[in-house]
2 protein chains.
Amino acid sequence: MTVSKMSDIDPTVHVPSVEPPLESTALQMGGLSELLGYSLKRAQLKVFEDFLRCMAPLQLTPAQFSVLLLLDNNPGRNQTEIAHTLGILRPNFVAMLDVLEGRDLLTRMRSPSDRRSHVLMLTEKGRAILARAKKLVATKHEARLIELLGPTHHAALLAMLATIATEF
Amino acid sequence: MTVSKMSDIDPTVHVPSVEPPLESTALQMGGLSELLGYSLKRAQLKVFEDFLRCMAPLQLTPAQFSVLLLLDNNPGRNQTEIAHTLGILRPNFVAMLDVLEGRDLLTRMRSPSDRRSHVLMLTEKGRAILARAKKLVATKHEARLIELLGPTHHAALLAMLATIATEF
DNA sequence: CCTTATTTGATATGTTTCATAACGATTATC
DNA sequence: GATAATCGTTATGAAACATATCAAATAAGG
């Protein structure tokens, strides 16, 4: 509390109304900042923004990066499996793959065992881009976040977010 | 590490290949879960989902709730100011206000001092809905999150998200 | 004053993201 | 062998997000 009590104010003294040079005062958030969802969204937007900046030389969105990373760690999976674990609906995944395949970062191959499904695999170029992307993410993006929060807090934050994502 | 060393395995013993009843094994996340942006997005989606569930009886989205809350704490502000502090672009704010005004939760009044701008104010109904909404958020929504994380972790999480949102 | 610039709410428009229904081809089930 | 389920795909729509522009009102500069 920085405001004086009424009894402290001498009515004979001219108080120069301490707020005049304020250019349209900042708004009261009214507890909005204490809403986890609000802070989550705000933080997420900032983080994605920075991700895009760091990844600008490779022209990869967060979603595209996650697809390449998942393919690299799970070769031979089909579209349904990859899309599902990323929370992407299959119809929307098609156009996404069209773009990545058009950039020659991955290939769709008809599976010999089940000729309905496509086996997804990173191309040589796809693996190269992913390697560079992982370096950029680690050194430019995530490193900045760790620097801001400290490694301990950063780890704690990750753990709490995982808890929410899986157990909420 | 739950995997035995090779030297621990007796080659004469039949190991029943511990993975057979797995229906299309879970995918390797390949470090994706350690990406703050990924976990942030996942957690944010879950939280918003729950917010909508809790708010279903009042039919308020997170964005609509934030507008009502901000108006209640900052009466007499115009559209530009409210929209700006919420990170909403003015053109998109118009339709949002049309809906809320159509539901008789707020009113647009031409300002006497500056007849370009609209002074926004909650109606009686708007204040009533907001009061019920705040109760629902506190008792159903945020309470569940605090129960999941514990009050201390919940507070720490809020603080870190605020740090990211403001200083990143 | 009078001209010029800026601001406010609004419209139009486009892009991106997200969600649902349905189809042909293939495979599984009974 | 008929029926059902699954795969990738297309079509389509709703919602969120962004840009350019407008008329009206106000502010600023000469």
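The chains referred to below are lettered A, B, ... by the order of the sequence lines, with proteins before strands, and numbering in each begins at 1.
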Between P of C:dA10 and CD1 of B:Ile82, the distance in whole Å: 14 Å

Value in whole Å for how far the P atom of D:dA16 lies from CZ of B:Phe48: 10 Å

B:Arg127 with B:Glu124: basic N within carboxylate O range, under 4.0 Å: yes

Between P of D:dT9 and CZ of A:Arg108, the distance in whole Å: 4 Å

Donor-acceptor pair between B:His118 and B:Asn78 side chains, under 3.5 angstrom: no

Carboxylate-amine/guanidinium proximity below 4.0 Å for A:Asp50 and A:Arg144: yes

Distance, rounded to the nearest Å, where B:Met109 contributes CE and C:dG9 contributes C1': 15 Å

Euclidean distance, atom CG of residue A:Leu45 to atom P of D:dA16 [Å, nearest integer]: 14 Å

Protein-to-nucleotide contact annotation, 5' to 3' order, nucleotides 19-30 of chain C [B base; S sugar-phosphate only; - none; under 4.0 Å, heavy atom]: BBB---BBS---

Whole-Å distance separating the CD atom of A:Glu81 from the P atom of D:dG8: 8 Å

For atom NZ of B:Lys41 and atom C1' of C:dT16, their distance in whole Å: 11 Å

Length of the CG-P vector between A:Asp98 and D:dT9, whole Å: 7 Å

Expected output: side-chain B:Lys125 to main-chain B:Arg103 donor-acceptor under 3.5 Å: yes

Side chain to side chain contact (heavy atoms under 4.5 Å, CB included), paired with A:Leu130, selected from A:Val67, A:Leu68, A:Leu71, A:Leu105: A:Leu68

Touch class at under 4.0 angstrom, heavy-atom based, for A:Arg90 against every strand present: base

A:Arg108-A:Gln79 side chain donor-acceptor pair, cut-off 3.5 Å: yes

Phosphate OP1/OP2 of C:dG9 contacted by B:Thr80 side-chain N/O (<4.0 Å): yes

